[in-house]
Amino acid sequence: MRRVLVAGNWKMHKVPSEARVWLAELKRLLPPLEAEAAILPAFPILPVAKEVLSETQVAYGAQDVSAHREGAYTGEVSARMLKDLGCRYAIVGHSERRRYHHETDALVAEKAKRLLEEGITPILCVGEPLEVRERGEAEAYTLRQLLGSLEGVEPEGPERLVIAYEPVWAIGTGKNATPEDAEAMHRAIRKALSERYGEAFASRVRILYGGSVNPKNFADLLSMPNVDGGLVGGASLELESFLALLRIAG
Ligand SMILES: O=C[C@H](O)COP(=O)(O)O
């Protein structure tokens with residue numbers, strides 16, 4: 001019912017010339033896919049992604065977007081620019097943005113609205129820090145973040161919204177959440193989406209897991225009923241491991 005999405009968040013890695021070679025190899029080696037693949041590079045690589053991927057089934061997108069439509073906002077990138085570059089997705093509210101750029105739930109909601117106005121699907125990230133999990137407050141924290149980041153956000157349909165649950169303590173640590181813990185949180189997220197948008201809508205929203213996904217743990221994570229794919233950092237940088245994830249996703 002929900003098409004699996006494997007999205008590679010390259011963060012601040014690669015340069016356009018390296019990306020061109022990598023993306024051309026991906027295009028050459030891409031297996032037939034039921035699942036959906038997406039590459040989310042840094043902004044300067046997006047024109048290369050458009051050039052190489054636009055004739056393929058691989059989507060691409062951005063890692064952030066301005067909360068403004070346009071104007072004197074030095075260094076920011078608008079949803080309209082991302083649309084012009086052919087982006088299908090954009091991450092909003094990644095924990096690294098919330099941490100290093102002090103992004104609030106209200107700001108994340110504004111960013112999601114700008115994307116939806118341009119027909120780009122937000123990948124909205126939520127997830128708890130270790131100390132919150134250790135206090136047994138992970139679900140309350142994550143759901144508060146989710147609903148705060150969805151304030152006033154009204155996607156046209158469930159295919160226009162993707163949620164990524166990324167426990168902060170699992171990002172870049174090699175320590176992923178267990179499939180059972182991921183499933184418990186994804187179930188809670190889907191219930192909260194159901195209360196916010198209705199059950200039919202919520203049942204079709206894809207909820208990705210992110211946090212040290214790799215070819216060794218991905219099949220077990222995907223076997224959970226409410227895990228609809230992965231938002232992958234490190235394991236998306238090497239072509240072989242990204243292709244392995246796509247093969248596992250089917
Ligand atoms: O957006 C991706 C997440 O931050 C996970 O990164 P990671 O797979 O390197 O842990």
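Whatever order the structure lists ligands and atoms in, that order sets their numbers, starting from 1.
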Check this for me - ligand 1, [X], N or O atoms closer than 3.5 angstrom, yes or no?
| X | answer |
| --- | --- |
| Thr173 | no |
| Val232 | no |
| Ile171 | no |

Which class fits the ring pair His68 and Tyr73: parallel under 30°, tilted 30 to 60°, perpendicular over 60°? parallel
Which residue and heavy atom of the protein sit nearest [atom], plus the separation:
| atom | result |
| --- | --- |
| atom 9 (O) of ligand 1 | Gly234 N, 2.9 Å |
| atom 3 (C) of ligand 1 | Glu166 OE2, 2.9 Å |
| atom 6 (O) of ligand 1 | Lys11 NZ, 3.4 Å |
| atom 8 (O) of ligand 1 | Gly233 N, 2.9 Å |

Numbered atoms and elements of ligand 1 in range of [X], under 4.0 angstrom, heavy atoms:
| X | value |
| --- | --- |
| His94 | 1 (O), 2 (C), 3 (C), 4 (O) |
| Gly172 | 7 (P), 9 (O), 10 (O) |
| Ala170 | 10 (O) |

Going by the 4.0 angstrom heavy-atom rule, the piece of Cys125 near ligand 1 is neither
Quick look: Asn9 vs ligand 1, heavy-atom contacts under 4.0 Å, and the answer is side chain
### Task
Give a yes or no answer on whether the side chain of Glu25 reaches the backbone of Trp22 with a donor-acceptor pair at less than 3.5 Å.
no
